[in-house]
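Contents: one structure, followed by commentary.
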2 protein chains.
Amino acid sequence: MNLADALHSRGLRATSQRLVIHDALVGLDRHVTAEQVRGAVAGRLPGVSLPTVYATLDLLEELGLVRRLRAGGGAVLYDPRPEPHQHAACRVCGTVEDLDAPVDASGALRVAEQTGFRPDGADTVVSGVCARCAH
Amino acid sequence: MNLADALHSRGLRATSQRLVIHDALVGLDRHVTAEQVRGAVAGRLPGVSLPTVYATLDLLEELGLVRRLRAGGGAVLYDPRPEPHQHAACRVCGTVEDLDAPVDASGALRVAEQTGFRPDGADTVVSGVCARCAH
DNA sequence: CTTTTTGCAAATGATTTGCATTAAC
DNA sequence: GTTAATGCAAATCATTTGCAAAAAG
């Protein structure tokens, strides 16, 4: 199901802002800030407002098409990969890289459930210093 | 080594603000915001400023005595447990609970190292809905 | 035509900064 | 006595909100 249909089936409208922002995110294939999203779509959507970018990113997150994550410095980044994967966050420059590695979080999920918590999933973030900053 | 000595060995001063804030954090034994830290020490440190609380929390984090973590809503919390442990974050009310569960992140650490990344450690956050919000 | 979504401008709120004063050493 | 650390006030900056105008259906 494409984005337009997903929106319609929820009674939401397929505006050009939503379609273009989603398309740009998928095309970028890296972690970006809301500002960078605006920069990336500025050509196709002249005059997009930052509030609209934020609202759209929120919506895409609810639809499960984008994941929000927080870098070391407190920056909020948006990740266009919906499949589960891990992250490596550099505490010097703040970049967040994808990490395709198996992490068995089932133990954590089980312990959480035992306390009455209803888990959706688990994210593992490796913190440290990236190759570029590690001199 | 206590905090005063740790500070002195770095050429830093053992001010009452630093000692009391650290003591209060350890005594609280839960995740708190900077505001809550100020509330907790208000009795012993009348007139502590928020900038000082922030500066002290930064310092304690550098010393490895406190860990900074981000709850679902973007709130920043400080965790007085330096030992590795996991977290369960409720996406409804934003609370973050400790989770004592084994998570094998060694695979992620190894993959990160292969890319030149120098890892300090790995954090796993289980997201979902806590028992109180799960009706 | 009706309702949602947008863009704008202004508000918010946590965190940071500059600087004079105070406290450690 | 020196220097680092504090408190205060103001600045910053990402994000959110209110509302009239525009676009989707």
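For the atom pair B:E61 CD and B:Y78 OH, the distance stands at 7.0 Å (nearest 0.5 Å). With values rounded to the nearest 0.5 angstrom, A:T56 atom OG1 is found 10.0 Å from A:L19 atom CG. Atom CG of A:D79 and atom CZ of A:R30 lie 11.5 Å apart (nearest 0.5 Å). The line from CD1 of B:I21 to CZ of B:R38 is 10.5 Å long, rounded to the nearest 0.5 Å. We find the CG-NE2 distance between A:D123 and A:H85 to be 8.5 Å, quoted to the nearest 0.5 Å. Atom CG of B:D5 sits about 13.5 Å away from atom CZ of B:R10, to the nearest 0.5 Å.
A donor-acceptor pair under 3.5 Å is formed between the side chain of B:H31 and the backbone N or O of B:V96. With hydrogens and angles ignored, the 3.5 Å screen pairs no side-chain donor or acceptor of A:H22 with any backbone N or O of A:R18. Panel note: side chain A:E113, backbone A:R110; no donor-acceptor pair is recorded below 3.5 Å.
If you check C:dG7, C:dT6, D:dT6 against the side chain of B:T56, the one that comes closest is D:dT6.
Regarding B:R38, its CZ atom lies at a distance of 11 Å from the P atom of C:dA14, rounded to whole Å. Separating the CG atom of A:L57 from the C1' atom of C:dT5 is a distance of 15 Å, rounded to the nearest angstrom. If you take CG of A:L19 and C1' of D:dA24, they are 12 Å apart, rounded to a whole angstrom. The nearest whole Å value for the distance from the CZ atom in B:R70 to the P atom in C:dA14 is 16 Å. Spacing between atom CG of A:L59 and atom C1' of D:dA24 amounts to 15 Å, rounded to whole angstrom units. The distance from atom CZ of A:R18 to atom C1' of D:dA22 is 14 Å, rounded to the nearest whole Å. Following rounding to the nearest Å, A:Q36 (CD) and D:dA14 (P) show an atom-to-atom distance of 11 Å. Here C:dT5 presents its P atom at 12 Å from CG of A:L3, a figure rounded to the nearest Å.
In the region residues 9-17 of chain A, proximity to DNA chain C at under 4.0 angstrom, judged on heavy atoms, holds for A:L12, A:R13, A:T15, A:Q17.
Residue A:S49 has no polar side-chain atom (N or O) positioned under 4.0 Å from OP1 or OP2 of C:dT6.
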Please list, for nucleotides 16-22 of chain C, all pairs of protein and nucleotide N/O atoms separated by less than 3.5 Å.
none

